[in-house]
Protein chains: 2
Amino acid sequence: MRLNRWPDLEALALLVTVSELGGVGRAARQHGISQPSASSRLRTLERRLGVQVLQRLPVGSRLTAEGQMVVDWARDVLGAADALMAGVTAMRRERGAALPVAASMTVAEYLVPGWLIGLRPIEPDVTVGLQVVNSARVAELVLGGEAELGFVEGPSLPVGLASRLVGRDRLVVVVAPGHPWARRRTPLRPRELAATPLIVREPGSGTRITFETVMERYGPLAEPLLELGSNSAVKVALASGAGPAVLSELAVGDELADGRLLAVPPEGVDLQRRLRAVWIEGRRLDGPARSLLTLATRSGAARRATGS
Amino acid sequence: MRLNRWPDLEALALLVTVSELGGVGRAARQHGISQPSASSRLRTLERRLGVQVLQRLPVGSRLTAEGQMVVDWARDVLGAADALMAGVTAMRRERGAALPVAASMTVAEYLVPGWLIGLRPIEPDVTVGLQVVNSARVAELVLGGEAELGFVEGPSLPVGLASRLVGRDRLVVVVAPGHPWARRRTPLRPRELAATPLIVREPGSGTRITFETVMERYGPLAEPLLELGSNSAVKVALASGAGPAVLSELAVGDELADGRLLAVPPEGVDLQRRLRAVWIEGRRLDGPARSLLTLATRSGAARRATGS
DNA sequence: TCAACCTCATAGAAACATCCTATGGACTCG
DNA sequence: CGAGTCCATAGGATGTTTCTATGAGGTTGA
């Protein structure tokens with residue numbers, strides 16, 4: 001038996017259900033499997049984790065203290081998996097979806113899945129089709145009627161489109177804990193930042209464009225240290241100690257929170273950008289599109305209120 | 001075949017490795033499985049997701065655009081799973097661990113796993129033992145020598161312990177989008193909050209104590225609407241539309257970010273609390289304990305720097 | 001006190017998935 | 001054009017998960 005084997009998502013979901021319903025058999029019924037199957041699965045999970053999570057009683061099963069923690073962590077795992085599935089499902093139905101949506105990468109990656117999960121209970125029968133393209137192409141798709149709703153990042157706002165702010169995002173300069181900048185005492189001057197080779201996203205990405213637009217006035221930018229096609233590729237490069245990178249705060253929130261990455265804010269530079277929902281000007285949004293827009297707007301409002 | 005089946009974490013990890021190494025065979029080698037096995041697993045994953053994620057070329061495999069997104073989402077899933085495993089592993093070795101740690105629930109749940117993951121590359125051979133107890137008990141365990149390092153939340157700071165700030169946490173009042181308060185225009189007065197029955201954590205929890213201590217001066221608190229033993233149980237109650245709840249910002253960051261929950265900040269009430277590392281006064285921390293403290297402190301610094 | 005009812009665990013057989021080794025087809029490079 | 005790389009397929013061994021049927025333990029109520 002291999003060590004450090006991943007637990008089974010189905011088993012984690014089962015455990016969460018047990019914690020909600022208070023019984024193995026009841027949870028089994030809800031998952032559409034037999035009670036012994038559930039029992040054995042949970043036992044396997046316990047063995048794999050090496051921790052007893054359930055206290056079996058004649059009247060049902062309760063969580064142990066460790067089980068409580070496991071369930072809470074499991075909910076995070078399942079939430080992330082749910083986001084993945086929601087995103088993938090939307091991307092799969094690109095054609096013929098009831099609500100075709102186009103979004104730029106950062107919005108699509110970090111915000112859209114959550115909105116889709118939120119949309120599910122409100123509009124259970126609506127299949128959302130998601131196309132992930134750059135902001136310029138989002139505008140084209142919306143204007144061409146191929147997407148009913150679009151989400152863009154960055155400064156430019158095309159004509160013919162109505163828009164609503166759904167949130168703000170801030171680009172951050174980050175380094176790994178081992179990087180010299182992690183210990184720097186002097187503030188980071190914009191000129192120094194401009195002159196430093198950075199790990200950046202590929203040309204044409206919203207992140208890259210925003211950064212270059214803002215930094216323009218601080219002198220010519222140094223050649224990139226590395227150009228990578230996704231946020232997480234940048235993070236991988238960072239983890240291995242390579243130099244500073246510029247990423248969306250949405251992309252590195254977790255890593256900043258637990259110290260795996262450190263922010264080095266450049267002095268006096270505003271790297272905020274607006275995230276906007278766009279649709280054809282004059283068109284009245286209704287039904288699912290309207291619900292989705294409401295959800296998205298609300299999320300932006302929530303984030304502004306907490307100041308994060 | 002059941003629909004909406006969860007993907008396999010092992011398969012997701014394999015896909016991530018393929019994206020890093022650029023080849024199915026190379027990824028297989030790294031995972032210690034044969035190349036055909038990896039190939040078939042990835043094919044199964046693609047079938048299950050309904051999306052082609054890999055572009056097979058004679059010189060290797062590259063991700064499709066959809067694959068790029070899937071990999072990024074998968075990294076989140078695996079990160080959460082990694083946190084779960086790190087937490088569970090630490091809880092398992094409660095006795096006889098090289099570095100025994102005690103932490104209050106909120107810290108243990110949301111911060112410790114990240115620190116443990118960060119500690120792994122620095123101190124690969126150290127087994128951390130984690131006990132999750134309330135803040136008062138953390139102090140006892142540290143003073144009694146049963147834990148070398150402790151993490152506490154809340155206002156009280158016991159004598160005989162040295163401490164260092166590792167972060168701040170803020171309690172937030174949250175409601176589900178369907179709740180009347182989600183649409184309220186008037187600010188929430190402390191008196192009204194005090195008079196409202198809330199969903200809260202159980203008595204004795206750091207979250208509950210902090211809240212009651214702060215609210216004391218605004219008059220008697222209403223009886224709780226519901227008392228629940230874990231943060232996520234509170235969230236489940238919230239999701240089903242039940243009234244306002246008080247939770248740590250750490251616990252609801254994601255939900256606030258994508259609008260599944262909304263914050264209703266009470267006017268003029270400071271619900272911040274300090275999260276502190278504690279150890280026996282006069283004792284000089286060295287080795288793993290020192291590394292862990294450094295990691296924890298750094299994470300707090302990072303969070304303060306970005307203002308979240 | 002005892003039978004009916006609930007809980008979860010175990011046993012054994014069938015179904016399924018995954019693994020490996022061996023091999024083949026496609027393409028690149030020298 | 002041959003050697004080397006890559007990924008896919010075939011076939012058989014292994015291991016896991018599933019089901020139904022049954023057992024063991026405890027509660028409930030007549």
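Letters go in sequence order (proteins before strands), and every chain restarts at 1. Atom set for the values below is all heavy atoms of this structure, side chains included, hydrogens, waters and symmetry mates excluded. Small disclaimer: the values here were computed from a predicted structure and weren't measured.
- With contacts defined as side-chain heavy-atom distances shorter than 4.5 Å, the pair Thr64(A)/Val70(A) does not qualify.
- The nearest whole Å value for the distance from the CZ atom in Arg47(A) to the C1' atom in dG15(D) is 12 Å.
- Each salt bridge (Lys or Arg N to Asp or Glu O under 4.0 Å) pair with one or both residues in residues 23-35 of chain A, not counting sequence neighbours, would appear here, but there are none.
- Arg56(B) has its side chain within reach of Ser61(B): a pair of non-hydrogen atoms, C-beta onward, lies under 4.5 Å apart.
- Within the 4.0 Å cut-off from OP1 or OP2 of dA9(C), at least one side-chain nitrogen or oxygen of Arg56(A) is found.
- We find that NE2 of His31(A) is positioned 18 Å from C1' of dC19(D), with the value rounded to whole Å.
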query: Checking side chain to side chain contact (heavy atoms under 4.5 Å, CB included) for the pair Asn231(A)/Leu250(A): CA distance, chi angles, key distance, verdict?
result: CA-CA 10 Å; Asn231(A) 290 326; Leu250(A) 287 167; over 6 Å; no

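- Between Arg62(A) atom CZ and dG26(D) atom C1' there is a gap of 17 Å when expressed in whole angstrom units.
- Here the closest heavy-atom approach between residue Ala237(B) and residue Leu226(B) is recorded as CB-CD2, 4.1 Å.
- Across the protein-nucleic acid pair, Leu57(B) atom CG and dA26(C) atom C1' stand 11 Å apart, rounded to whole Å.
- Ser61(A) comes within contact range of the sugar-phosphate backbone alone, with a heavy-atom separation under 4.0 Å but no base atom that close.
- Comparing dC6(D), dT18(C), dT28(C) by their closest approach to the side chain of Val59(B) singles out dT28(C).
- One finds no side-chain N or O of Ser39(A) lying less than 4.0 angstrom from the OP1 or OP2 phosphate oxygen of dC8(C).
- Distances shown here put every side-chain N or O of Arg26(A) at or beyond 4.0 Å from the OP1 or OP2 atom of dC6(C).
- For the pair Asp8(A) CG and dC16(C) C1', the interatomic distance rounds to 14 Å; values are reported in whole Å.
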message: Show, in sequence, the C-alpha distance, side-chain angles and deciding distance for Leu45(B) and Asp8(B), and conclude whether the side chain to side chain contact (heavy atoms under 4.5 Å, CB included) test is met.
response: CA-CA 8 Å; Leu45(B) 177 67; Asp8(B) 186 349; 6.0 Å; no

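- Of the candidate nucleotides dT18(D), dC7(D), dT27(D), dT18(D) has the atom lying nearest to any side-chain atom of Arg41(A).
- When the C1' atom of dC19(C) is taken as reference, atom CG of Leu14(B) falls 13 Å away, rounded to whole Å.
- Partner Ser104(A) forms a side-chain hydrogen bond (donor to acceptor under 3.5 Å, both in side chains) with one of Glu153(A), Glu109(A), Arg137(A) and no other, that one being Glu153(A).
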- request: Summarise how protein sits on nucleotides 20-25 of chain C as a single string, 5' to 3': B when a protein heavy atom is under 4.0 Å from the base, S for sugar-phosphate-only contact, - for no contact.
  value: BBB---

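- To the nearest angstrom, C1' of dC8(C) lies 11 Å from CG of Leu54(A).
- Taking 4.0 angstrom as the limit, Arg43(A) places a side-chain polar atom (N or O) nearer than this to OP1 or OP2 of dA9(C).
- For the pair Gln55(B) CD and dC6(D) P, the interatomic distance rounds to 17 Å; values are reported in whole Å.
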